[in-house]
Protein chains: 2
Amino acid sequence: MPSPPKTSDDAIIAAARKLVRRHGRDGFSLAHVAAAVGIKAPSLYGRFADRSALVAAVELSLWRELGQALSRAPRRTDPVAALSELARAYRAFAKANPREYALLFDARAEHSVKATEARTASMAPALPTFVALVGESAALAAARVLTPFLHGFVTMELAGAFRLGGGIDAAFEHGVATILEGLVQRRRAPRRAGQRRRKQRTR
Amino acid sequence: MPSPPKTSDDAIIAAARKLVRRHGRDGFSLAHVAAAVGIKAPSLYGRFADRSALVAAVELSLWRELGQALSRAPRRTDPVAALSELARAYRAFAKANPREYALLFDARAEHSVKATEARTASMAPALPTFVALVGESAALAAARVLTPFLHGFVTMELAGAFRLGGGIDAAFEHGVATILEGLVQRRRAPRRAGQRRRKQRTR
DNA sequence: GTCTATACTAAGATAGAC
DNA sequence: GTCTATCTTAGTATAGAC
């Protein structure tokens with residue numbers, strides 16, 4: 001008779017995620033994962049095609065988790081205040097899960113359809129607030145200003161790029177406030193600080 | 001008699017850099033580097049303590065190169081226009097050297113004093129322009145808004161995060177313009193869009 | 001589905017001779 | 001400074017039995 005399952009796909013993904021958390025995307029072996037769930041490395045191949053398939057599964061679960069973290073941010077009626085809270089929640093997630101966060105933006109990741117969908121879905125909680133801030137037509141463009149700032153800021157922070165001194169929290173708040181102000185400003189008087197005219201597409 | 005040198009430290013660094021360009025920070029071995037300069041792998045240990053020391057040397061030369069790329073950006077008298085050009089030059093460098101760029105911000109890098117200095121020096125060409133835009137006291141804070149955006153944008157672009165559709169160039173221009181407008185705006189009427197008061201340190 | 005055994009590949013680093 | 005030879009360690013993945 002066939003061996004009864006000692007573990008489950010989900011348990012394996014969870015174990016791999018824990019290893020990513022501690023050692024980073026490349027810092028663990030399949031043997032480590034297997035040991036964590038009480039099986040041997042070769043048995044993993046019965047459940048995942050190869051190492052990268054397992055990592056991809058971890059990535060999916062992380063996007064979900066990021067989306068949840070954002071949706072738990074404090075609600076505010078004022079869009080500026082609401083987006084500030086979302087920004088803080090985003091940064092908090094990245095700082096609490098630095099290696100997981102790095103995995104999400106690893107350039108070596110395979111861009112599967114599922115991964116792209118999960119990435120988009122994770123940002124969905126913020127979209128209505130962008131709409132409230134700058135209107136339907138400019139919401140996506142606005143998200144493409146704030147989101148890169150957030151990603152860049154936390155990445156640089158985690159990489160130790162802000163070594164010149166304290167005030168990192170203040171710098172973050174200042175950055176978010178500046179960008180939100182710029183977005184509001186441009187909504188009122190579009191195309192003022194610009195010096196060069198290009199066609200503007202929302203997406 | 002001792003063997004005459006077949007190569008030089010600089011040639012080795014250049015060869016390593018070329019391999020980084022093609023295969024990424026972890027995509028080549030010391031044997032590859034050695035072969036590229038016509039020696040054998042063990043000989044490298046006579047010149048570099050280990051692999052990471054060689055990678056660190058590559059990193060230093062890359063910071064220099066980024067600084068040069070920025071200093072070659074078109075000059076403009078208007079600070080907003082000047083910073084827009086610098087932003088374009090920054091993005092162009094990252095897109096032309098994606099793996100080298102990734103190396104510069106790899107979280108696993110050792111944060112040596114030299115690396116920190118080189119990083120700072122690479123940004124130096126932009127500082128006077130920030131001063132012209134927002135004044136001496138706010139220049140560094142301003143740089144800490146635009147720079148993370150730039151880094152975040154190009155990183156996301158390289159990681160394939162903007163899969164939802166075209167207009168990436170336009171999105172970049174829009175982001176830069178929005179941020180510069182926010183900076184100018186805040187200079188005129190500090191603390192308007194903010195909703196929460198925190199102490200603001202320039203550095 | 002899981003196991004043992006193993007093939008396969010590869011890389012970093014050191015010893016000691018020239 | 002460079003070489004050959006070697007140590008050491010490690011990991012992914014497959015074959016075939018239970």
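Within every chain, numbering begins at 1; the chains are lettered A, B, ... in the order of the sequence lines, protein sequences first and strands thereafter.
The distance between atom CG of B/Leu54 and atom C1' of C/dA13, rounded to the nearest whole Å, is 14 Å.
Not less than 6.0 angstrom separates the ring centroid of A/Trp63 from the ring centroid of A/Phe93.
Within a 6.0 Å radius of CZ in B/Arg75, no more than 12 heavy atoms belonging to other residues, nucleotides or ligands are found.
Shown here are the side chain to side chain donor-acceptor pair (under 3.5 Å) partners of A/Thr116, two or more places apart in sequence or in another chain: there are none. Qualifying ring pair (Phe, Tyr, Trp, His ring centres under 6.0 Å) partners for B/Tyr90, counting only residues two or more places apart in sequence or in other chains: B/Tyr101. With sequence neighbours excluded, no residue forms a side chain to side chain donor-acceptor pair (under 3.5 Å) with A/Lys40.
Shown here for B/Arg144 and A/Phe149, the closest heavy-atom pair between the two residues is O-CE1, 3.8 Å. Residues B/Gly24 and B/Arg99 come closest through the heavy atom pair N-CD, 3.3 Å.
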Distances under 3.5 Å between nitrogen or oxygen atoms of protein and nucleotides 5-8 of chain D:
none

Just the atom pairs and distances: protein N or O near nucleotides 10-12 of chain D's N or O, under 3.5 Å.
from: D/dT12; atom 1: OP1; to: A/Arg51; atom 2: NE; distance (Å): 2.8
from: D/dT12; atom 1: OP2; to: A/Leu30; atom 2: N; distance (Å): 2.9

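The pair B/Glu157-B/Arg91 counts as a salt bridge, with a side-chain nitrogen and a carboxylate oxygen less than 4.0 angstrom apart. In summary, B/Arg88 and B/Glu173 engage in a salt bridge, as defined by a charged side-chain N under 4.0 Å from a carboxylate O.
Distances shown here put every side-chain N or O of B/Lys40 at or beyond 4.0 Å from the OP1 or OP2 atom of D/dG1. Look at A/Ser43 and you'll find a side-chain N or O under 4.0 angstrom from OP1 or OP2 of C/dC3.
No option in B/Leu146, B/Leu140, B/Leu86 other than B/Leu146 meets the side chain to side chain contact (heavy atoms under 4.5 Å, CB included) test with B/Phe130.
Listed by residue number, there are no residues of residues 15-26 of chain A with a heavy-atom contact under 4.0 Å to DNA chain C.
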